[in-house]
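Remember, it's 1-based here, ligands and their atoms both numbered in the order they're listed. Numbers here are sequence positions counted from 1.
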Amino acid sequence: MLRSLLIRDIHTLVLMDPANTVLRHAYLYIEDGEIRQVGTRPAKLPRADRTISGRYAVAVPGLVNTHHHLFQTLTRACPAAADAELFDWLRTLYPLWARLDEESVHVAALAGMAELLLSGCTTTTDHHYLFPRGHSRLIDAEIEAARRIGIRFHPTRGSMSVGKSKGGLPPDSVVQSESRILADCERLIRQYHDPAPGSMLRIALAPCSPFSVSPELMRATAALAGRYNVRLHTHLAETRDEEAYCLNRFGKRPLDLLEDVGWLNANTWLAHGIWFNRREVARLGRAGVGIAHCPTSNMRLGSGSAPVLALRRAGCPVGLGVDGSASNDSSHMLAEARQALLMHRLIHGAAALNVADTLRMATVGGARCLGRDDIGSLEAGKRGDVALFDLRDVGYSGAGDAVSALLLCAPTRVSTLVVEGRVVVEDGELKTISLDPVLARHRRLAARMQGPSNTMDWK
Ligand code: ZN
């Protein structure tokens, strides 16, 4: 086991520190997973168990993905749901997802995590909320995948308890009883949650959405999270349909419902947050609620655009999320950052959002959403999570500035990726697992799940 790693002669190194420092000809020294030294031209470089050259690379802190549903890699580009908005998209896909089991969740997680790692992402969350009867160990299956592949992981124990017969959106076959949900949340925290600095695994609790759980479950989940000091996550204000559902069923707007169940505080981060009005943005900022902004999914489903510039100004931590692989349909974090930049420039003008601020959302902002101050920037004392992109790639050829090129040029595959001081990707290839057999299995499982609607034929 290597204890120390030196990356030397880095062409351009983005620290993402408060001063937005960018270094040329820099080096980074990591020991026992922690960054010990970073800078330029020292009198003497530290000696390390392993040394890598960064001569042709632009290096950034490992990207942080704040919202995802890894199982949905099995229903990417599903023809039946290709052109639907959220509620119809969900109604079409729930019956397919009802076929999930431990094997398919494990393989889907490996495929999605591989895609994330290769796009520069070193920390991801996942929101798994669908537990078909008889399959209660699905979070365990994705934790096993994260350990195998070497990604820093924040799985959230999702839940759905209000099925169609009780006025919810999902079919009854995929919802669970609230007592069972809470017992499993507690089991997962006790079994896996590691609150220590440098942690590779933290659990959060995540009832799915206002249209699939009860306010009682939201309240009980908040109480449980408080008892164990873990974070809270849910979908909120994603679509107009959700807003209409909340007004209709609870007589409240989504944010009032959130406050009512004890979630309007800095322990919570929300996926989407599109349909907040100006007063609600100010309330969220005062409360310090985090927002996982998912621009591609929001555009793909035609859900709307989140007021993330206003949310940031109001004081909310804002991170980026690739969201479910069936509503994106990708797990490429660098592409997501580019999408965020382009989306808000389209709406607010080219000066509204620059490359540095977008990268900040993809790194430090995401880390804050997950409640972490030990990742997201490359400073002494932080964890050794680094993504290096090769500036010799055809897509960067002719670029005048290495940092701008990352988001203005086409998103590429990472060349080297380091997680907790460990080289997980080298020369653009995963070192921790053999990807081809995983993808062959993944394609077979996807074909089985999608059934006759899947038109991909490998024979
Ligand atoms: Zn989602």
What is the ring orientation for H233 with W269, classed by angle as parallel under 30°, tilted 30 to 60°, or perpendicular over 60°?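 Plane angle under 30°, so parallel.
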(request) Please state whether the rings of H127 and H69 are parallel, tilted or perpendicular, taking 30° and 60° as the class boundaries. (result)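 Judged by the thresholds at 30° and 60°, the geometry between H127 and H69 is tilted.
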So which of the N, O or S atoms of H67 lies nearest the Zn ion (ligand 1)?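 Closest N, O or S atom of H67 to the Zn ion (ligand 1): NE2.
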Problem set entry | H69 backbone or side-chain N/O/S under 2.8 Å from the Zn ion (ligand 1) |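 Checking the Zn ion (ligand 1) against H69, an N, O or S atom does fall under 2.8 Å.
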Exercise for review: Could you tell me whether the side chain of R231 and the main chain of A266 form a donor-acceptor pair under 3.5 Å?
Suggested key: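 It does hold such a pair.
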Quick one: the OD1 of D323, the Zn ion (ligand 1), NE2 of H235 angle, rounded to 10°, please.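 Result: 170°, to 10°.
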Review point. Do T234 and W263 have side-chain atoms, one donor and one acceptor, less than 3.5 Å apart?
Key: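 W263 and T234 do not have a side-chain donor-acceptor pair below 3.5 Å.
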